[in-house]
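Notes for the one structure printed next.
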2 protein chains.
Amino acid sequence: MERQQNRRKHGNTEQAIMNAAEEMFLEKGYKLTTTTMIAEKAGVTHAMLHYYFRTKEQIFLKVLDKALAELQAALQPVMKKDAPFWETLEKGITAHFDFLAKYPRLPQFLFDTIRFNPEVTGRIQERIIDPSRRIIAFHRRIIQEEADSGRIRQVDPDQLLMDIGSLSVSTVMLLQTARKMIPGLGGGMSDGFLESRKKEIIELIRSRLYGNLQ
Amino acid sequence: MERQQNRRKHGNTEQAIMNAAEEMFLEKGYKLTTTTMIAEKAGVTHAMLHYYFRTKEQIFLKVLDKALAELQAALQPVMKKDAPFWETLEKGITAHFDFLAKYPRLPQFLFDTIRFNPEVTGRIQERIIDPSRRIIAFHRRIIQEEADSGRIRQVDPDQLLMDIGSLSVSTVMLLQTARKMIPGLGGGMSDGFLESRKKEIIELIRSRLYGNLQ
DNA sequence: GGCTGGATTAACAGAATTGTTAAACAAAAA
DNA sequence: TTTTTGTTTAACAATTCTGTTAATCCAGCC
């Protein structure tokens with residue numbers, strides 16, 4: 001068999017380090033990830049990491065920015081109302097949930113970063129929190145409209161959005177944690193869990209809005 | 001003014017170290033807490049920590065055990081059914097929520113420990129997960145009874161318990177995180193948030209169970 | 001074939017961390 | 001007062017981690 005080129009040139013190593021760093025930082029956060037661990041996972045010496053990215057902080061910021069960009073991109077399409085209220089909301093919940101299921105380590109990573117790297121909270125603030133405000137305002141408005149017209153029960157829109165957000169977030173965080181405690185929990189095994197959980201969350205919110213009416 | 005005794009004797013130092021350790025470990029987890037930080041917070045040299053507790057791991061286990069004991073104690077009384085179903089359940093939700101509001105750093109601490117100290121998951125398993133099974137079984141039974149008799153809507157009891165658990169847990173975790181991002185969020189400011197959040201959670205569960213009926 | 005320049009490694013420096021130990025100390029017992 | 005006992009400190013060893021650097025390596029170009 002022809003062996004892989006031991007000596008990679010050009011972007012190859014850089015990309016390998018970047019991928020390794022992404023995985024490690026998402027898994028363990030900034031402080032508990034060592035440059036040596038990243039290098040090992042990428043199959044190079046830790047000096048390479050410093051050669052390409054100068055410092056641990058630099059590469060961390062790149063990983064963070066990438067994560068924030070993905071999250072930001074996922075937030076955009078949630079703000080279209082091209083269908084009746086409930087359909088729009090249900091689609092929003094589903095999109096939010098599916099995104100988290102695809103990037104299940106993102107919530108914990110953000111929690112970690114806010115906890116232990118307060119110096120970068122600004123980035124999170126401006127790229128996630130602030131854009132979220134517009135989305136929240138949008139939903140707040142359409143929920144309020146719907147409530148005022150009596151088509152759904154009276155409910156504080158902020159509370160409802162927190163309900164949706166935290167139910168989805170805790171689902172993926174719980175699953176990640178369960179995987180640590182029950183090693184036998186592979187990827188396929190948890191698909192059923194995620195699916196039934198998503199159904200339950202939607203039904204929960206639907207009951208909250210329409211329970212006493214229809 | 002008479003000055004504090006610089007040289008404390010007997011249990012004084014040990015207790016001071018224990019308190020400092022508890023605060024630091026709950027705040028930052030095992031690895032990110034250094035014995036020097038604990039000692040500093042307790043106002044002694046880090047050698048004292050080793051004198052009284054031998055190793056960092058020893059004192060961590062004491063802190064963990066204390067936290068688990070508190071959680072375990074809080075789990076016990078949730079299993080009495082001395083009132084109609086909904087009142088019992090509502091009391092259970094309230095107790096669970098209030099406990100978490102009192103120890104808001106406990107969830108993150110357990111998440112941390114499971115993530116980064118897999119060697120102690122056994123302790124968590126036997127003292128929390130296993131006892132929880134009985135409670136879950138109990139609630140599963142009374143929910144199932146209630147559903148079968150048609151007094152509440154058909155619902156998967158496990159899903160409902162996960163709803164309750166994760167809504168409360170995410171509330172306190174979110175609040176803790178918000179405190180990091182918005183420094184102006186003092187203790188009193190958040191009482192209102194917790195109170196309205198608790199009401200919403202109860203209403204959410206109530207709707208899920210009774211929405212289409214009453 | 002030999003040169004050049006980027007890529008890679010090994011070795012090192014400096015800081016931080018856990019744990020040990022010998023010496024200093026303070027208070028109660030003798 | 002002297003001794004004893006438990007407490008505290010300062011200094012040290014061993015390890016780990018980040019970041020630097022000088023030497024080496026290799027591919028393409030002359």
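Values below: every heavy atom of this structure, side chains too, minus hydrogens, waters and symmetry copies. Just so we're on the same page: letters track the sequence lines, and every chain starts at 1.
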Aromatic ring pairing A/His46/A/His50, orientation class (parallel under 30°, perpendicular over 60°, tilted between): perpendicular
Specify the separation, in whole Å, of atom [atom1] of [X] and atom [atom2] of [N].
X	N	atom1	atom2	result
B/Ile59	C/dT18	CD1	P	12 Å
A/Glu40	C/dT8	CD	P	17 Å
B/Phe25	C/dT18	CZ	C1'	12 Å
B/Met48	C/dA26	CE	P	14 Å
B/Lys28	C/dT17	NZ	P	11 Å

Estimated bend of the helix from C/dG1-D/dC30 to C/dA30-D/dT1 (axis per five terminal pairs, rounded to 10 degrees): 30°
Pairing residues for B/His139 by the ring-ring contact (aromatic ring centres under 6.0 Å, His included) criterion, not counting sequence neighbours: none
Lys NZ or Arg CZ of A/Lys28 over B/Phe116 ring: under 6.0 Å, within 45°: no
Between B/Asn19 and B/Gln15, a side-chain donor and acceptor under 3.5 Å: yes
Between A/Glu203 and A/Ser207, a side-chain donor and acceptor under 3.5 Å: yes
Phosphate OP1/OP2 of D/dC17: any A/Thr36 side-chain N/O under 4.0 Å: no
Sequence neighbours excluded, every pair satisfying side-chain hydrogen bond (donor to acceptor under 3.5 Å, both in side chains) that has a member inside residues 172-193 of chain B: B/Glu27-B/Lys180, B/Arg179-B/Ser190
All salt bridge (charged side-chain N to carboxylate O under 4.0 Å, His left out) counterparts of B/Lys199, not counting sequence neighbours: none
Partners passing side-chain hydrogen bond (donor to acceptor under 3.5 Å, both in side chains) against B/Glu40 (at least two apart in sequence or in another chain): none
Please list each protein N or O that sits under 3.5 Å from an N or O in nucleotides 19-21 of chain C, with the distance.
{"from": "C/dG19", "atom 1": "OP2", "to": "B/Lys56", "atom 2": "N", "distance (Å)": "2.9"}
{"from": "C/dG19", "atom 1": "N7", "to": "B/His46", "atom 2": "NE2", "distance (Å)": "3.1"}
{"from": "C/dG19", "atom 1": "O6", "to": "B/His46", "atom 2": "NE2", "distance (Å)": "3.1"}

